[in-house]
Protein chains: 2
Amino acid sequence: MQQLDLVFSALADPTRRAILARLAEGEATVNELVGPSDLSQPTISKHLKVLERAGLVSRGREAQFRPVRLNAAPLEGAAEWLGDYRRFWEESLDRLDVYVKELKRKEGRHVSKRRRR
Amino acid sequence: MQQLDLVFSALADPTRRAILARLAEGEATVNELVGPSDLSQPTISKHLKVLERAGLVSRGREAQFRPVRLNAAPLEGAAEWLGDYRRFWEESLDRLDVYVKELKRKEGRHVSKRRRR
DNA sequence: GTCCTATATAGCCAGATTAGAATATAGCCA
DNA sequence: TGGCTATATTCTAATCTGGCTATATAGGAC
């Protein structure tokens with residue numbers, strides 16, 4: 001789906017993920033986002049446009065400021081998509097779990113007096 | 001994080017998501033993936049390389065076949081990242097819920113005799 | 001009005017991505 | 001061996017990305 005394309009590719013950049021993380025603490029102006037980023041203001045504006053196209057942020061208008069706020073709704077679709085695969089990684093964790101238990105059992109036999117920490 | 005970059009950008013392409021969906025049903029050869037895709041075999045091979053770099057598939061070796069199988073483990077990191085934002089979309093759903101309830105209350109007052117369906 | 005600040009847009013560049021066609025490789029089968 | 005099949009690699013072209021600098025716009029302050 002088109003929307004998933006936009007969301008996943010917006011999330012594929014660490015700068016944009018950092019922006020979202022910052023916005024999770026509350027809305028911010030563009031300059032507040034530029035500050036800690038060591039990127040230029042136009043570059044941040046471009047990243048914001050990408051996030052906006054993906055529906056992940058929305059912009060207000062207050063005098064000459066254009067406050068940016070998080071809009072997490074599109075993340076739900078992404079999370080749902082991932083959810084379909086949850087059983088696969090849990091499965092492999094189960095197998096790992098079994099493996100670890102088996103390992104402990106063997107260790108228990110061979111190194112039975114290991115001290116607890 | 002680098003790994004998240006690779007995973008999210010691998011997921012940003014619908015062809016690659018389709019490949020993963022197909023692999024969720026079991027391993028497949030390259031040609032089995034080319035079949036329904038209307039893309040050329042080299043193109044699919046390239047997509048597979050992207051998925052492989054993200055750690056999302058692994059390749060076997062059986063005679064001249066190189067079976068591809070799903071490796072969902074890296075998806076867990078992506079799901080965790082998204083999980084940090086769950087409260088935000090749930091929040092907005094809550095607000096929506098409140099809004100809907102409020103709406104119903106008002107409708108109840110003004111259109112109190114609306115028939116149930 | 002002029003000046004200053006916040007932000008957007010334009011233009012540019014280097015490098016990555018995506019596609020296809022053509023070709024190479026690797027392994028089975030006769 | 002030669003031929004067939006499965007897959008990878010190379011080459012080329014088009015498009016996208018992410019960064020910059022320079023410039024434009026918009027709105028408050030004086």
Side-chain angles (χ1 to χ4, degrees), chain A residues 1-23 26-71, chain B residues 1-23 26-71 74 78:
Chain A
M1 204 239 263
Q2 173 82 357
Q3 173 71 4
L4 274 185
D5 287 23
L6 291 173
V7 170
F8 279 131
S9 81
L11 298 183
D13 184 286
T15 299
R16 288 191 291 264
R17 291 198 306 275
I19 289 175
L20 294 179
R22 166 63 186 79
L23 294 177
E27 73 175 29
T29 68
V30 175
N31 271 338
E32 283 166 349
L33 297 171
V34 172
S37 77
D38 87 349
L39 292 177
S40 70
Q41 172 264 313
T43 298
I44 295 294
S45 279
K46 242 189 240 182
H47 280 300
L48 288 174
K49 197 174 279 184
V50 173
L51 290 168
E52 207 173 359
R53 273 209 338 135
L56 289 167
V57 307
S58 57
R59 319 289 309 264
R61 200 179 275 274
E62 277 175 39
Q64 68 271 61
F65 303 88
R66 307 287 316 277
V68 188
R69 56 196 125 63
L70 178 62
N71 179 16
Chain B
M1 203 242 260
Q2 172 81 359
Q3 174 70 4
L4 274 185
D5 288 22
L6 291 174
V7 170
F8 279 132
S9 82
L11 297 182
D13 183 287
T15 300
R16 289 191 291 263
R17 289 198 305 275
I19 289 174
L20 294 179
R22 165 63 186 77
L23 294 178
E27 73 176 27
T29 67
V30 174
N31 270 336
E32 284 166 349
L33 297 170
V34 172
S37 78
D38 88 348
L39 292 178
S40 69
Q41 172 263 313
T43 299
I44 295 293
S45 277
K46 260 185 239 172
H47 279 300
L48 289 175
K49 199 176 278 185
V50 173
L51 290 169
E52 207 173 357
R53 270 203 348 130
L56 289 167
V57 306
S58 56
R59 319 290 308 265
R61 200 179 275 275
E62 278 176 38
Q64 67 271 63
F65 303 88
R66 308 286 317 276
V68 188
R69 58 195 121 64
L70 178 63
N71 179 15

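A, B, ... follow the sequence lines: proteins, then strands. Residue 1 opens every chain.
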Protein-nucleotide distance (Arg61(B), atom CZ; dT25(C), atom C1'), rounded to Å:
11 Å

With a non-hydrogen cut-off below 4.0 angstrom, is Arg59(B) in contact with a base, only sugar-phosphate, or nothing?
sugar-phosphate

Hey, does the side chain of Asn71(A) reach the backbone of Gly55(A) with a donor-acceptor pair shorter than 3.5 angstrom?
yes

Does CZ in Arg59(A) sit with more than 12 non-hydrogen atoms of other residues, nucleotides or ligands closer than 6.0 Å?
yes

Would a distance-only check, ignoring hydrogens and angles, find a side-chain to backbone donor-acceptor pair under 3.5 Å from Ser9(B) to Asp5(B)?
yes

Can you find a pair of side-chain heavy atoms, one from Ile44(B) and one from Leu33(B), that are under 4.5 Å apart?
yes

Output for pair (Leu23(B) CG, Glu27(B) CD), nearest 0.5 Å, gives 9.0 Å

Sorted by position of nearest nucleotide on DNA chain D, 5' first, the leading residue of Asp38(A) and Lys49(B) is Lys49(B)

Rounded to whole angstroms, how far apart are CG on Leu48(A) and C1' on dT7(C)?
10 Å

Can you measure Glu27(B) atom CD to dA6(D) atom C1' for me and round it to whole angstrom units?
15 Å

Grab the N/O contacts between the protein and nucleotides 15-18 of chain D below 3.5 Å, and write none if there aren't any.
residue : atom : partner  : partner atom : Å
dG18(D) : OP1  : Asp13(A) : OD2          : 3.2
dG18(D) : OP1  : Arg16(A) : NH2          : 3.3
dG18(D) : OP2  : Arg16(A) : NH1          : 3.2

Would you list the protein and nucleotides 1-6 of chain C atom pairs, both N or O, that sit under 3.5 Å from each other?
none

Starting from the 5' end of DNA chain D, give me the residue, Glu62(A) or Ser40(A), whose nearest nucleotide shows up first.
Ser40(A)

Do Leu11(A) and Arg16(A) pass the side chain to side chain contact (heavy atoms under 4.5 Å, CB included) test, and can you show the C-alpha distance, the side-chain angles, and the key distance before you say yes or no?
CA-CA 6 Å; Leu11(A) 298 183; Arg16(A) 288 191 291 264; over 6 Å; no

Donor-acceptor pair, side chain of Arg61(A) and main chain of Arg66(A), under 3.5 angstrom:
no

Given side chains that start at C-beta, do those of Ser40(B) and Val34(B) come closer than 4.5 Å, heavy atoms only?
no

Counting only heavy atoms not in Arg69(A), do more than 12 fall under 6.0 Å of its CZ?
yes

For a 4.5 angstrom cut-off between non-hydrogen side-chain atoms, does Val50(B) reach Leu56(B)?
no

At less than 4.0 Å, is any side-chain N or O atom of Ser45(A) found next to OP1 or OP2 of dT7(C)? Yes or no.
no

In dot-bracket notation, what is the pairing pattern of DNA chain C, taking Watson-Crick (N1-N3 plus N6-O4 or O6-N4) and G-U wobble (N1-O2 and O6-N3) contacts under 3.5 Å, with [ ] crossing and | for other strands?
||||||||||||||||||||||||||||||

Atom CD of Gln41(B) to atom P of dA8(D): distance rounded to whole Å?
7 Å

Less than 4.5 Å apart, any side-chain heavy atom of Leu48(A) and any of Val30(A)?
yes

